[in-house]
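Predicted model, so just to flag it, every value in this text is computed and none were measured. Lettering of chains follows the sequences in order, A, B, ..., and the numbering in each one begins at 1.
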Amino acid sequence: MRWRAHLLFMKNIKILVWFSILLLLIPAIPAQAAVIKTAVGVSSAFVEKTGTVNLTVFISSDEKIAGGSLDILYNSDQVRINANDVKMTDTLSPYLSSGGSDAAGNVSLSFAKSTGSVIDGTVMEVKATVLTLGSGKVNELKLENVELYTEQGKKITTQVIDGQIKPFTGKEKTHANPVANDKSWVVTLNSSYNPATLNAQAVSVKRGSIVVPVEVKGVSATKFRVKPVGTYPRGTYTMDITNQLRSTNGAKLSKPVRFTFKVN
Amino acid sequence: MNYTMNRIMTLLMVFGVVLLSGFIGGKVHAAETLEVGESRSLGTNVEVPVTVRDAMYLSSGNVVITTPANQGVKLKRFRPTPAFEDKVFRTKWTVVNNKLDLNFVSISGKEERVADKKIIMGYLVYELSDKFEAGKSVDLSIVSANMKGRLNTDFLVAFMHGKIERKMPVGDVVGNNKPTAAAAIRILQHLNNPITDREAFLSADVNGDGVLTQEDAQWILDYVAGKRTTFLAIQSKELDNAVLKSEYSDQVSALNGRAPYTFKRVGSLPSGMSLDENTGKISGTPTRAGSYTFTIQVTDAVGDIEKQMFRIDVIDSNLLSVEKLLPINVKLNGTPELPAKVNVTYKDKTKGTESVTWQPVDTSKMGTFIAKGMIGDSGFTVSVEVNVVTANYLNSIKVAYVQFLNLHTIEVDVSADVYKVTVNSTYNMHFEGDKKFSLISSSFDANSTVVFRMYDKYGNLLETKQYILKPN
């Protein structure tokens, strides 16, 4: 009986180990008094060699936004983004907008309409060609001049999440046994996260280099769920959790996490 | 043989003289330009860019720029761009008594290639006090600029002096002191919540067409996103009709760019007419009837370009000319008081009046519109600028007249927005306080017609009013 209880306990531990990814949150940014509910970011991409990589620019807010602007600065000696490599998504279709790449180190976006709306999604897709991996093998995608406005013209306080193009250097884990094709993963953090930063850029699932559509949804202050939109076809998948997921006080993940699992 | 030799010798001598005269009398054009920007601000500070233009290479230089003292404009510092902040050039500067003395030298010790032949060295950072009043302007003068380029050779630098104006920056609209997406939001709200302040309205009307539309918002978004680097515009207007074999004159104007402007025509003007490239004035005597469509291209002092299409109809009429009508103000949703008759000159040089049939004018939106009218059955059209506004700027005019002295005493009662009133654009009326201005003058004939012009504190024209000086 005692032996069975021990076995059950060990099994629970195992489940916890495999089904939860304990993510250490290092306070890299000073603690803030209130959670910034609006985030603007450019996605990070993990690449091991030169070539093309798809990036996204996202805005997540529960506040109504009537307009705004941003610049993404990059090193044009290391990364090439031509004018036709930048596309606005339908998220901003109700807005008057402008933007694109000057092909010399700056991608810009500006948009406006007469009334405010909640924006939560990808606003721009960028195809970048990595010419060389930069110093420390990191190509920075730095967001500058980020300004979001309400309908009244008031500036909205925004958490800005810069992106990077770099080789993966985080924690890697592999799930031992194959899982069902509708597998729903619940990821547990050891401190609460900022929901504005929980999105398809911070948490993504890929099959090879193909991004698989998943639903990323908060479960509690410290947990979120990742499940497929539909089902996973048979194959091997990697779930990347980048350090673009921020804690409520703005802290980054100490290291990105890559979790590999197999679907039968 | 001798004859041929003589001709050759003569030709050579003429050629030599032409060459020599070109060398002696010809102007030596400076290829490189140092430009101090023109900035506007209603805030407590402003930055003015300092740019080297038309330079292929740059190795070192010294620049001295002064700003007048005691004007409420204090030069605090110079903010170099990254290239001039130890990235490409090493820069040392001092600011003493509103004077910047700046030296730079390339870190490599060699000339540096200038991308697109243009490089911003940095920004003059000014602090503005209340003493620098609305509508005022100070000049920023380049005292000296010595620069070296390839192989350490000296440039002959042309100066483009700068200025700071106490006005709202073009495209600002909401008081952010620069064009932002917030301005575009505000313009898009204008239809339901009009921008009534004249300075803000003009700041919002970036394309200069007199009305605020989605196009203005788009221009500002393009500027914010870097797809547009200037708000240079050609002021929209409909050119007057021209009458066959009669003298004609009208003007195309540019705004929001860096003066002076040069104008160029693309397409055909009516034969007999020409465009003054320096002023934008179209004049001449048309010799053939018809409808002529052409494009005017304006280039400003820093090479920015804008184009707009225009049309002139040349008609054959018994009228030689029609009086130029002054702009008319009308309140939102009101009916403009358009003249039922206008003064005309007939082809036989006699003068008279003719009835005008006006097309309806939409006054449901603020802005400047052109009302068009047809003069009898002459085929001649007349137009007048109608400003749809939300306020009456002129409330009343009182005139007293002493005949034996030919002395008029004029008193006008205006709205609080009015800071200056002129008569015939020549006489400044005296501010009496309590929204009243007055003028005592013997310069006007009894019952003569005068024109009052009212301006706001920024110098923007608010209203033009034609008035017959009759004692009341």
Contact part of B:N176 toward chain A, heavy-atom cut-off under 4.5 Å: side chain, backbone, both or neither?
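Just the side chain, heavy atoms under 4.5 Å.
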Could you tell me which portion of A:Y95 (side chain, backbone, both or neither) has an atom closer than 4.5 angstrom to a non-hydrogen atom of chain B?
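No part of it gets close to chain B.
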Enclosure of [X] [atom1] (heavy-atom neighbours >12, cutoff 6.0 Å):
X	atom1	answer
B:N333	CG	yes
B:Q308	CD	yes
B:D130	CG	no
B:R258	CZ	yes

Write down the atom of B:A181, the atom of A:G67, and the distance for their closest heavy-atom approach.
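Looking at all heavy atoms of both residues, the closest pair is CB-C, 4.2 Å.
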Provide the closest heavy-atom pair for B:T180 versus A:E147 in the form atom of the first, atom of the second, distance.
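Nearest heavy atoms, B:T180 then A:E147: CG2-OE1, 3.8 Å.
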For a side-chain contact (heavy atoms from CB on, under 4.5 Å) with A:S114, tell me which candidate from B:N192, B:L188, B:I187, B:N193 qualifies.
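Answer to the side-chain contact (heavy atoms from CB on, under 4.5 Å) test with A:S114 among B:N192, B:L188, B:I187, B:N193: B:L188.
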So which of [options] has the largest heavy-atom pair count under 4.5 angstrom toward chain B?
options	result
A:S110, A:S97, A:A66, A:S69	A:S110
A:G68, A:G153, A:G99, A:G100	A:G99
A:N145, A:L96, A:T115	A:L96

Say you draw a straight line from CD of B:Q189 to NZ of A:K113; how long is it, rounded to the nearest 0.5 Å?
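So the gap between those two atoms works out to 10.5 Å.
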